[in-house]
Amino acid sequence: MLRFAIRRLAMLVPVFLAVSLVIFMIVHLVPGDPLEHLIQVGSSPEQQAQMIARYGLDQPLLVQYGRWLAKVVGGDLGDAIVMRQPVARLIAENLPHSLALGGAALIFSTTVGIVTGVLAASFRDSLFDRVVMGFILLGSTLPSFWLALLMILAFAVQFEWFPVSGARSWDALVLPALTIGIGGTALIARVTRAAMIEIAGRDFVRVLQAKGLSFWRIQLRHVLQQAMLPVMTILGLRIGWILGGAVTVEYVFARPGLGSLLITALGQRDYPLVQGCLLMLAIAVMLGTLLGDLAQAALDPRLRETMGAR
Amino acid sequence: MRTILKGSMLALGLTALAATTALAQEATFVMTARLVGAPTYNPIKATKLNTATTLIFDRLVVQDADQSFHGQLASSWETNPDGMQWTFKLKPGVKFHNGEPFNAKTVAWWVPQFKGSENAFTVEAIERVEVVDDLTVRFHMKHPDPNLLFNLASSFMCIPEPKSYEALGDKFGVTEAIGTGPYKMQQFSVGQQTVLVRNDDYAWAAGLSKNQGPAKFKKLTFREIGEESTAYLELKTGGADLLVNVPTDFLPRIQADKAVKLVTFPGNELVYMPINTSVEPFTDIKVREATAFAVNQKEILTSLYGGNGAAADTFLISSLKEAQVEPKFRIAYDSERAKKLFDEAGWKPSADGIRVKDGKRLAVKLWTQNGTEFKRLVEIVQAQLKAVGMQAEISIIDAGSINAQYRKKTEHQLAIRAYQWTNADIVDWFFAAKRAGYPNVSMFNDPEAERLNDIAMNKSKSWDERVANFTKYHEYVLSQYPFAPIYQPVQSLAYGKRIVMPETIRGMGLYSSTMLDIAPAN
C-alpha cells in the first residue's frame, strides 16, 4: 500500500510541472497587466517603463516562467504586485476560510447525497425516488451565482434566519455552504443510487437474502459498503471542485477565501497572486484525486494491482 | 421576593439599554465595487486607497466641493510672487496615534519619502523642504507648481508617523497604520474589512466640519462588498448602516425603497466617448464633429439614470473652473448639425439609412468594458448614432484587458468610458501625444495642442494663470472633437435609520470632514 501511495505521488510531479506551465502561460497571455492598476494619473511614460522593469515584466515569457518556477520549487510564491504582500501569506490568510466553507459543503453534500442515494435505491422507481432525484438534479443545474442570490433573498432577507454576507459568525457559513453543497449532492446521490442498484443485483445479496437477513441490514451493512467505492473517487474529485466552485460563491457572499482572493487578483492581473491561487486550486484537485484513489485502494486491494502497484 | 424580581428586571433593563447605547456608537459602512481591494493604507506607496484612509491620516490641506482649499494640519499658507517658495504654518498640539508629535520636522521627513514611489510626481516640483521653526515649514521649488495645493489635498498625501513608518517598512499600512486622523486602525484584512476605533484626542479638524472634536462613533467597521446586490441587501436588512458610493444605475431602486435614505452630491466622474482620430473615417474632423453632436446627452440622462446627475458638454467635470469654456466650444446634441456635417464630409444616406461614401458604408466599431451600466449605455449610443446614419458594432471587452487593446492603437474606433478626476490636468493625461494608445485612447496628436499643453503644464506660475492656460488648452482640444462628452454621474450615499447625516456633504466625497459630522440616530 505504501509503495502504491509513493508511486501515485511521484506521478504527480510531471502533472504539477505541466499544470504550472499552463497556468503561467494562460495568465500571461490574457490581455492586460498589473500596471493598469499601478499607473497614476500624472505619472510619465518613463516612470511607467521603470515599473515594468522593476517587476521583470520586460523579460521574455520563458525567462519569467523559469524564474517563477525556480522560486515556487524553492517554496517561495513571490510577492503580489498590486497587493504588495507575499503571495504565501495572502493564501495562508484566506485558505482556512475556503477550507471551512469547502468542508461544510462537502459534509452537507456527502451526508445528504448518500442518504438520498440509499433511499432512492431502496425505493427504486417509487414516487419518492423520482421526485427527490429530480429535485436534487434541478438544484445542481442552477448556476451557483444565481442560487447564491436566491438563498440570500429567501433565507437572509425574507426569513432573516442567516446574515446576508460576511464571515463574522458561524451562521454566515450556512448559506454559502448550502449553495456549493447542493451542486455536489446530486452527483453523489446518483452515483450512490446507481452503485447500490448494481450491487443489489449481485449473487451474494441473494445468498444473504436466503440466509434471512433483513432488507435494511443487507442494504446498509453489505450493499452500501461496496457502493462506497465509486463514491470515494467522486468525493476525491469533489474536494478540488468545491474549492474551485467557491470562487463565485465567496464573491457573492463577500466572504474571505481563496475564491475572493482569486477574483480580486484576476481583476487586477496581479500575476504572482493569480498564479499562486490557481496553483493552490490545482494542487487541491490533484491531492483530492490522490486521496480518492488511495481510499479506494485501501477499501479494495484488487485496485492496487490494476492501478500499477505490482 | 418581589423586590428581588423588580431589581433583576431593572438590572436587565439597564444592561439592555447600555448594550443598545454601545451598539449605537458603532457603525458598519460598506464600500462597494470601485473601492474594493485597496491593498494597503500606506499613502506614499499606494496606488489605490479607500474612504477609510482619510480617517486614519490627515493631510496638510483639504479641498471642498467648490474646489476651494482649507487647512487641516496646516493653519495657513502663502506663496511668493514667482511661485518658487511655499510657506506653511502648522497647527500646534497635533499628535500621532502613538503619541509622537506632528511638526515641521515631520513634513521635512515626509516629502523625500515619495522619491522612487508611484506617487513621486506629486512632489516632483519640490526642490527641498526647510524647517523654519517647529510649526513653520517652507518648500523651495525647482519650478513653479500652481497645482501643489491640489496634490497636497489628495489622499496619497496623507501624512504617516515617521518612526513607525520606518520601523514597519512594507508592513506599514497593512499590519499597522499610524496617522493623526480621527480614527485609529485596529484591524485590516485586504479586500474584506477595516476596523477603526475613535481617536479620543482628536481636536484639529479642518474648517469644513461642524464637529471640531473627536468623532461621534466609537467604532467604525468598513466592509468591502464587490457584488452590488449583496451590498444593497446588507443595508436593507440592517447588516450595514451606510453604503459608500452607490453605483448610479442602482439609484432608482434605492430611491424606491422607503427603508433606506439617499443623499446625492456633485460627482467627480465623467462618462465620455473617445474617438480614435488616427483611423478612418475619424481622421476627418467633420466626421468626428458629426459623431460628437449625434450623442443625445439629455436623453441618456433621463432614460438611463432617471435624471440623477447632469449631461456633460465639455471634457471636464463642471465644478472645475477650466470647464467654463466659451459656449461655441460646448458639445451638446444637435442632430441637424451632425447630419449636415456628414453630408459635407461626403457621407450620403443610402436606402437603409446608413451613410455611404465611395461605396463604403459608415460602419464603425464601438467598444466598452463589461458592467451593466456600460452595456446599457452603449446600446443607447448605438441607437443614437444609427439615427444619423452611422452603424456601430458593439464589442464588450473585459475591464482588465481593454486598456491593452487600446494600446494596439488602431484596433478601436469609438468607445464608451468613464474617468474620475478633479483636476484639469486630465486633459494632458488623455490628449498628450506621448500617451497615445493608452491613456490617450483618441490617439490625439496635434502640434497646437502640444504647444498649449506645454504652457498649461509647465509655464503657469499661479493658480489663476494655470486655470487660464488650461481653459485655453481645453477649448482647443474641444474644437478638434477627439471625445464626445456624455454624462456626469452624482456621488451618492445610501444609509439606514441608525445614522443621522449632516445637511451638506463637505469635501470632494465622503471624507473625514463629513465623517466627523455623521452621528448615531439617538
Side-chain angles (χ1 to χ4, degrees), chain A residues 30-48 50-51 54 79-86 89-90 93-94 97 145 148-149 152-153 156-158 160 163-168 172 248 251-257 260-261 263-270 273, chain B residues 30 36-37 39-40 42 45-48 116 118-122 124 147 151 156 170-171 173-174 189-193 221 223-227 229-231 233-240 397-405 407-408 419-421 423 425-426 428-429 432 434-435 438-439:
Chain A
V30 169
D33 62 56
L35 296 174
E36 309 289 356
H37 298 271
L38 296 178
I39 292 171
Q40 295 280 53
V41 175
S43 63
S44 65
E46 296 77 47
Q47 281 170 321
Q48 293 164 26
Q50 276 173 13
M51 275 163 58
R54 192 188 307 162
D79 287 337
I81 296 176
V82 182
M83 292 237 187
R84 314 268 170 117
Q85 288 183 56
R89 190 207 291 165
L90 286 167
E93 277 170 11
N94 282 279
H97 291 284
F145 189 83
L149 283 174
I152 293 176
L153 280 175
V157 178
Q158 199 60 38
E160 297 182 17
V164 172
S165 68
R168 277 165 296 178
T248 46
Y251 181 72
V252 176
F253 285 99
R255 280 183 66 82
S260 292
L261 191 66
I263 287 195
T264 315
L266 273 173
Q268 299 177 330
R269 297 286 189 276
D270 198 330
L273 189 52
Chain B
V30 171
V36 166
T40 171
N42 179 341
K45 293 197 176 151
T47 52
K48 181 175 183 171
E118 273 78 16
N119 301 320
F121 68 96
T122 52
E124 185 273 327
N147 208 31
N151 285 341
F156 298 104
D170 273 350
K171 285 186 193 152
V174 181
S189 47
V190 179
Q192 289 300 318
Q193 67 172 22
T221 303
R223 289 190 57 204
E224 303 183 29
I225 303 183
E227 170 54 32
S229 314
T230 311
L233 290 172
E234 274 290 11
L235 178 68
K236 196 178 164 64
T237 53
I397 299 167
D398 164 46
S401 63
I402 196 163
N403 292 350
Q405 300 293 329
R407 285 208 178 84
K408 293 181 181 167
Y419 76 77
Q420 228 181 344
W421 195 242
N423 191 295
D425 62 9
I426 197 78
D428 159 73
W429 184 247
K434 64 177 178 183
R435 303 186 202 273
Y438 181 83

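In what follows, every chain begins at residue 1, and chains take the letters A, B, ... in the order their sequences are listed. None of the values given here were measured: they were computed from a predicted structure.
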### Task
Measure A:Leu266 against the heavy atoms of chain B and call it side chain, backbone, both or neither at under 4.5 Å.
neither
### Message
Need one label for B:Ala231: side chain, backbone, both or neither, based on atoms under 4.5 Å from any heavy atom in chain A.
### Response
neither
#### Entry: Pick from B:Ile225, B:Asn119, B:Asn403, B:Ile397 with the largest number of heavy-atom pairs that fall under 4.5 Å of chain A
B:Asn403
### Query
Between A:Arg54 and chain B, which part of the residue has a heavy atom less than 4.5 Å away: side chain, backbone, both or neither?
side chain
### Task
Enter the distance from A:Arg269:CZ to B:Asp398:CG here, rounded to the nearest 0.5 Å.
4.5 Å
### Query
Counting N and O atoms only, with roles assigned by atom type, does the side chain of B:Thr230 sit under 3.5 Å from a partner on the main chain of A:Val252, one being a donor and the other an acceptor?
yes
### Test item: B:Leu233 and A:Leu153 side chains (from C-beta on) under 4.5 Å apart, heavy atoms
yes
### Query
In terms of heavy-atom pairs under 4.5 Å with chain A, which of B:Asn151, B:Asp428, B:Thr47 leads?
B:Thr47
## Note on the structure
Looking only at B:Asp425, B:Val36, B:Val174, most heavy-atom pairs under 4.5 Å shared with chain A are made by B:Val174
### Task
With a 4.5 angstrom heavy-atom cut-off, could you sort out which part of B:Gln405 is near chain A: side chain, backbone, both or neither?
side chain
### Message
Between A:Gln85 and chain B, with a heavy-atom cut-off of 4.5 Å, which part of the residue counts as in contact: side chain, backbone, both or neither?
### Response
side chain
### Task
Kindly indicate whether the side chain of B:Glu227, heavy atoms from C-beta on, has any atom under 4.5 Å from the side chain of A:Ile152.
no
### Summary
Of all heavy-atom pairs linking A:Ser165 and B:Arg223, the shortest is OG-NH2, 2.9 Å
### Message
Once side-chain hydrogen bond (donor to acceptor under 3.5 Å, both in side chains) is applied, do any residues pair with B:Lys45, and if so which ones, sequence neighbours excluded?
### Response
none
### Task
Report the option among B:Ala404, B:Gly238, B:Ser189 that has the most heavy-atom pairs separated by less than 4.5 Å from atoms of chain A.
B:Ala404
#### Entry: Closest contact, heavy atoms only, B:Ser229 versus A:Leu149
CB-CD2, 4.1 Å
#### Entry: Separation between CD of A:Glu93 and CD of B:Gln192, rounded to the nearest 0.5 Å
10.5 Å
### Top of B:Lys171, B:Lys48, B:Arg435 for chain A proximity - count of heavy-atom pairs under 4.5 angstrom
B:Arg435
### Query
Can you name the ring-ring contact (aromatic ring centres under 6.0 Å, His included) partners of B:Trp429, sequence neighbours left out?
none
### Task
Check each atom of B:Tyr419 against the heavy atoms of chain A and say whether the ones under 4.5 Å are side chain, backbone, both or neither.
neither
### Message
Using heavy-atom distances under 4.5 Å, tell me whether A:Ala167 contacts chain B through its side chain, its backbone, both, or neither.
### Response
neither
